[in-house]
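The structure under discussion appears below in the form of structure tokens.
Quick note on labels: first sequence line is chain A, next is B, and so on, each numbered from 1.
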2 protein chains.
Amino acid sequence: MLTRVKSAVAGFMGGIMTGGGSGGGGGNSGSDLPLKFPYMRPEFLGLSPDEIECSADHVARPILILKETRRLPWATGYAEVINAGKSALNEDQACCEVVVARRRPMSYCPPSTPSKTPTAKRRNSLPNGEGLGLRLEHNRTCEDSEGLVFHYWALFDGHAGSGAAVVASRLLQHHIACQLQVVIEFIRNLHALPPAVMGEEPENTPYLQGNTPGPHRALTRAASLRGASGAPSSPSNTPPPPRFYTEKKIQHESLVIGAIENAFKEMDVQIEREKQVYNISGGCTALTVVYLLGKLYVGNAGDSRAIIIRNNAIIPMSAEFTPESERQRLQFLGYMQPHLLGNEFTHLEFPRRIQRKEVGKRMLYRDFTMSGWAYKTIEDEDLKFPLIYGEGKKARVLATIGVTRGLGDHDLKVHDSNIYIKPFLSCCPEVRANPLTF
Amino acid sequence: MLTRVKSAVAGFMGGIMTGGGSGGGGGNSGSDLPLKFPYMRPEFLGLSPDEIECSADHVARPILILKETRRLPWATGYAEVINAGKSALNEDQACCEVVVARRRPMSYCPPSTPSKTPTAKRRNSLPNGEGLGLRLEHNRTCEDSEGLVFHYWALFDGHAGSGAAVVASRLLQHHIACQLQVVIEFIRNLHALPPAVMGEEPENTPYLQGNTPGPHRALTRAASLRGASGAPSSPSNTPPPPRFYTEKKIQHESLVIGAIENAFKEMDVQIEREKQVYNISGGCTALTVVYLLGKLYVGNAGDSRAIIIRNNAIIPMSAEFTPESERQRLQFLGYMQPHLLGNEFTHLEFPRRIQRKEVGKRMLYRDFTMSGWAYKTIEDEDLKFPLIYGEGKKARVLATIGVTRGLGDHDLKVHDSNIYIKPFLSCCPEVRANPLTF
């Protein structure tokens, strides 16, 4: 009952969720499973249990700031206050740590090969935050002799429950460390670019290095295509003829970006898998900043913002993912996979809802290929609700959610329907690498 | 035979096509169908038939410039020279005209409702360049009393034959005029925004105008969703309850952008349809510039560039679409619709081709969600040729084509296979609107 009231309140306040998801409500209500981690506020706030309870006072709404400024490096700003009336607990989380990715293999790390189907249940062990061979320590900036040290800041804007944000704030940095561990030796070796194949010395490869344009190139590649596996003219038991390909040179920072990208995916897979044995409610955006070897990597999956304030000027370090900024990606997906829209939504956008009596009239619309608008004759099909609807902070996907990337939300459905939201949400961040020279 | 030699030469020279398409070769060879339009050079060059023949001299390679500068407005630059050895004829085309879109309905214009399946054959008449009710005239800049006058510049980079570029250079401006004709009255009426529904006066609508945030909004929308057509709780014979929606305000320039976007699509549909009765060989990029009511609209579907030179500075007005700039869109499509890759290509990108003996090793890769790189264990599946391969000007889609947007190419297949390229090519331009104030 409490959950229902909370959902109604959340809808009334025009929060991020307008329809309650099946994982809705705050805290651990509505599930008999145990929590993966107890509810908490960010560790760097250093709050006592009493203070945590007070922080959720919806009348006083205390603004929480750092007790000791030195708990956050680099003059990082932090303040939080609960959203009055939206949820019993503050569903947002944050994290700031210095993390060491060890050079030696960490047996708990997942293989970096992505699973074929990202939503498939994986059986391998994933980090649970303890016994990982990771040391988490503060006030340490030097490079560890056995591993790679990185500064880590993260913000998680939770919705429809606090579970996903709590889990992500405890574990995402470990996933990043695991992904980095695989490539530590290549990242640290600035004298050579990462090898295309692990264990391969660039000098020993039979391939020409770099871009060597030449008259034979096009024909050679066309011929090689037909010699590829699976081509009718090339039985796979025939040894391939010698080839001279160019090889793309991958920079060191591309490995860090790839590690952060895959860490987000692994985090999302872990949440999905562990929802079967733990109560991990809701979903959250994820914004991470990794400072590693002189570069700042800002990874963003959601609509939070990373900024740097320098000489009183605001420097944006990330871009938001919203129904408006991702409209064309989402419409394209709905167009390609119409079953994801149930029989209730249309991938076309209209300036407003259409009434049945307007069928046959010509109305403004736009499709996934368009940034402009044109008129089309309204058909019955167009009476369905638009996949993307509303403007600015009121824009929603599937009439439900106002952000298009993040972690969790695996059970979230359109209110009173069997239409899942998750296929439209991406857990993949945009990662921007910035040399700290501005 | 000539066609085969030409294809081989084109491949040898490392041109845009490395495998000859089924519509390959230049001119009208290889087809018994008549040409839609005779081969020509741009009209504004004012060349005689003899001069056109000389322009294709692969030894002398004359540079063609304007005979009279005043033939192109606004100090538009133009020069062309044939690609030595790539094709018998220059497959590129250009066009510059002043076009009038009439206010009165042009019966030849297609309905602006997009067909459900863009590749479906449409039976309605489309413009053929004559008898359209369009007047094409030079040196006219004032606004026509009955219609809308726009300046039009266009560039078409042809490949695998000259047919598509010739047709597009003759007809695309008419498609733009047709699309604009539908919205002339709204574009010219700067005192009111375009109505959501044609024939609807903003004052007479039952809808609240603009963005009116209020506490009832979210719940109302959620309720309305369930009342939409097709929802189980809403039999379609029940009159809809009164609703108060916000309505998105569409700006005038969005109608021009939408008109240009849909004109490109209609042009591509016409080429596909008329290939059944005419010989329209190859494909082409399309870059159009429309100057209308004080704004410059640059529409680009391809890898040509529009620039403005001002005070000796180059101002880029468009961005190119290449296998590299569109990698993630193309990989996503291949991932979602693997049958489009035949059994020969993989949507994953690798830094180079993989040899069978490398199966089981860990190689760098990236998927459609990634901008960075990571290592994965090579499987048999990864021996397929990458959908996107090569770097810079050598980058190719399906080992065939180096540009990812354009018109035509409906018959183009991967060399010696049944894999069509067209599903990966978009005919939709990116349109940028620029007030001419810089």
Side-chain angles (χ1 to χ4, degrees), chain A residues 11-12 14 18-19 112-113 182 196-198 207 211 215 217-219 221-222 224-226 228-231 240 243 245 247-248 250 254-255 257-259 261-262 336 343-344 351-353 355-356 358 361-364 369-377 383-385 391 399 415-416 428 431, chain B residues 11-12 14 18-19 112-113 182 196-198 207 211 215 217-219 221-222 224-226 228-231 240 243 245 247-248 250 254-255 257-259 261-262 336 343-344 351-353 355-356 358 361-364 369-377 383-385 391 399 415-416 428 431:
Chain A
F12 182 81
T18 58
S112 65
T113 297
V182 181
V197 171
M198 269 195 195
Y207 303 102
N211 214 341
R217 192 161 180 280
L219 291 176
R221 193 195 305 125
S224 74
L225 169 63
R226 305 307 306 167
S229 164
R243 297 163 193 162
Y245 295 112
E247 180 173 313
K248 206 165 201 167
I250 310 303
S254 292
L255 295 193
I257 293 171
E261 289 170 333
N262 281 342
M336 299 277 286
N343 201 28
E344 298 201 16
R352 62 164 167 81
R353 284 305 303 282
Q355 299 177 71
R356 175 159 292 280
E358 292 174 316
K361 292 186 178 178
R362 305 190 78 186
M363 191 168 189
L364 285 170
T369 57
M370 303 166 71
S371 63
W373 293 76
Y375 288 94
K376 82 180 287 288
T377 303
L383 293 172
K384 295 176 180 173
F385 201 88
E391 279 186 284
H415 178 69
D416 199 17
C428 303
V431 182
Chain B
F12 182 80
T18 57
S112 65
T113 297
V182 180
V197 171
M198 269 195 195
Y207 303 102
N211 214 341
R217 193 162 179 279
L219 291 175
R221 193 196 304 127
S224 74
L225 169 62
R226 305 308 305 168
S229 165
R243 297 163 193 162
Y245 295 112
E247 180 173 313
K248 207 166 201 167
I250 310 304
S254 292
L255 294 193
I257 293 171
E261 289 170 332
N262 281 342
M336 298 277 286
N343 201 28
E344 298 202 16
R352 62 164 168 81
R353 283 306 302 281
Q355 299 177 70
R356 174 159 292 280
E358 292 174 317
K361 292 187 178 178
R362 306 191 76 186
M363 190 168 190
L364 285 170
T369 58
M370 303 167 71
S371 63
W373 293 76
Y375 288 94
K376 82 181 286 288
T377 303
L383 294 173
K384 295 175 180 173
F385 202 88
E391 278 186 285
H415 178 69
D416 198 18
C428 302
V431 182

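- Using a 4.5 Å heavy-atom cutoff, the side chains of B:Leu364 and A:Glu247 are not in contact.
- Looking at heavy atoms from C-beta onward, B:Glu261 lies in side-chain contact with A:Ser371 at the 4.5 angstrom threshold.
- Every residue two or more places apart in sequence or in another chain that forms a side chain to side chain donor-acceptor pair (under 3.5 Å) with B:Lys248 is listed here: A:Glu349.
- Considering all non-hydrogen atoms of both residues, B:Gly258 and A:Met370 come closest at CA-CE, 4.2 Å.
- With a threshold of 4.5 angstrom between heavy atoms, A:Leu255 approaches chain B through its backbone and through its side chain.
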